[in-house]
Participant: 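Please read through the structure below; I'll follow up with questions.
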Amino acid sequence: QVQVVESGGGLVQAGGSLPLSCAASGIFFRINTMGWYRQAPGKQRELVATITSGGSTNYADSVKGRFTISRDNAKNTVYLQMNSLKPEDTAVYYCNANVRLYSTIETKFDYWGQGTQVTVSS
């Protein structure tokens with residue numbers, strides 16, 4: 001039904017930058033909020049940033065001022081620009097899309113990407 005695919009990620013030195021992107025595809029009525037989450041080894045998955053279809057954003061305190069989330073509704077794509085990266089940003093980053101499948105049914109579903117590794121070396 002709905003596929004969510006991340007791209008980007010990789011290895012970067014501390015203080016560097018890295019862009020992530022995520023595209024949702026398939027058959028659906030509308031995508032609501034899209035967002036990025038991350039999970040470091042031995043830790044729970046945590047919110048990084050979200051953006052609504054109207055462009056309202058929300059960031060984790062740990063990334064405010066360093067990361068920027070944006071979205072292209074026409075392309076069903078969300079981006080995360082990560083600047084001033086720190087070793088503690090090392091994690092697998094997951095994209096999430098909250099999707100309404102049908103125009104006649106209000107129910108929304110969460111779809112996740114497979115994750116992309118971001119490693120920040122000190």
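All values below come from the heavy atoms of this structure, side chains included, with hydrogens, waters and symmetry mates left out. Just so it is clear, the model here is predicted, and its values are computed rather than measured.
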Participant: Are the side chains of Leu80 and Thr68 in touch, meaning some heavy atoms are under 4.5 Å apart?
Facilitator: no
Participant: In the structure I gave you, are the side-chain heavy atoms of Ser56 and Ile51 within less than 4.5 Å of one another anywhere?
Facilitator: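 No. Closest side-chain heavy atoms not under 4.5 Å.
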Participant: How about Gln117 and Thr119: does a side-chain donor come under 3.5 Å of a side-chain acceptor?
Facilitator: yes
Participant: With a cut-off of 3.5 Å and sequence neighbours excluded, list every side-chain donor-acceptor pair involving residues 14-22.
Facilitator:
from	atom 1	to	atom 2	distance (Å)
Ser17	OG	Asn83	OD1	2.9
Ser21	OG	Ser7	OG	2.6

Participant: Has the side chain of Thr116 got a donor or acceptor atom that lies under 3.5 Å from a matching backbone atom of Glu6?
Facilitator: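 Not at all, since once roles are kept as given, no pair shorter than 3.5 Å links the two residues.
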Participant: In terms of side-chain heavy atoms, does Tyr93 have a donor or acceptor partner in Arg38 at a distance below 3.5 Å?
Facilitator: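 Yes, because at least one side-chain N or O of Tyr93 sits under 3.5 Å from a partner of the opposite role on Arg38.
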Participant: Are the side chains of Ile31 and Asn98 in touch, meaning some heavy atoms are under 4.5 Å apart?
Facilitator: no
Participant: Quick check: does any side chain N or O of Tyr111 sit under 3.5 Å from a backbone N or O of Cys95, one acting as donor and the other as acceptor?
Facilitator: no
Participant: Are side-chain heavy atoms of Lys108 and Val99 found at a separation under 4.5 Å?
Facilitator: no
Participant: Do Leu101 and Phe29 come close enough that some side-chain heavy atom pair is under 4.5 Å?
Facilitator: no
Participant: To the nearest 0.5 Å, what is the distance between CD1 (Ile27) and OH (Tyr102)?
Facilitator: 9.0 Å
Participant: Please test Thr50 against Tyr37 for side chain to side chain contact (heavy atoms under 4.5 Å, CB included), starting from the C-alpha separation and ending with a verdict.
Facilitator: CA-CA 9 Å; Thr50 61; Tyr37 295 74; 4.0 Å; yes
Participant: Restricting to non-hydrogen atoms, name the atom on Gln114 and the atom on Val4 that form the minimum distance, rounded to 0.1 Å.
Facilitator: OE1-O, 3.8 Å
Participant: Testing the basics here: between Lys43 and Gln39, what is the closest heavy-atom pair and its distance to 0.1 Å?
Facilitator: O-NE2, 3.1 Å
Participant: Going from OG on Ser62 to CD on Glu46, what distance comes out if it is rounded to the nearest 0.5 angstrom?
Facilitator: 5.5 Å
Participant: Once you round to the nearest 0.5 Å, how far does CZ of Arg30 lie from CG of Asn73?
Facilitator: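 With rounding to 0.5 Å, CZ (Arg30) is 10.5 Å from CG (Asn73).
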Participant: Applying the 4.5 Å side-chain criterion to the ILVMFWY set and letting contacts propagate, would Trp112 and Leu47 be lumped into a single cluster?
Facilitator: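 Result: yes, single cluster for both.
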Participant: Go through the steps to decide whether Phe109 and Val2 satisfy the test side chain to side chain contact (heavy atoms under 4.5 Å, CB included), and finish with yes or no.
Facilitator: CA-CA 10 Å; Phe109 299 88; Val2 180; over 6 Å; no
Participant: Side-chain contact, heavy-atom cut-off 4.5 Å: Met34 with Arg71?
Facilitator: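 Yes, their side chains come closer than 4.5 Å.
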Participant: Cation-pi check, Arg45 to Tyr94: give yes when NZ or CZ is under 6.0 Å from the six-membered ring centre and within 45° of the ring axis, no otherwise.
Facilitator: yes
Participant: Using side chain to side chain contact (heavy atoms under 4.5 Å, CB included), reason through Asp89 and Arg66 one step at a time and then give a plain yes or no.
Facilitator: CA-CA 11 Å; Asp89 294 318; Arg66 300 188 298 121; 2.7 Å; yes
Participant: Does Lys75 offer a backbone N or O that forms a donor-acceptor pair with the side chain of Thr77 under 3.5 Å?
Facilitator: yes
Participant: Show your reasoning for whether side chain to side chain contact (heavy atoms under 4.5 Å, CB included) applies to Asn96 and Trp36.
Facilitator: CA-CA 6 Å; Asn96 172 270; Trp36 291 95; over 6 Å; no
Participant: Could you see if Val92 belongs to whatever hydrophobic cluster contains Tyr79? Use Ile, Leu, Val, Met, Phe, Trp, Tyr and a side-chain cutoff under 4.5 Å.
Facilitator: no
Participant: Any side-chain to backbone donor/acceptor pair from Arg100 onto Phe28? Under 3.5 Å, distance only.
Facilitator: no
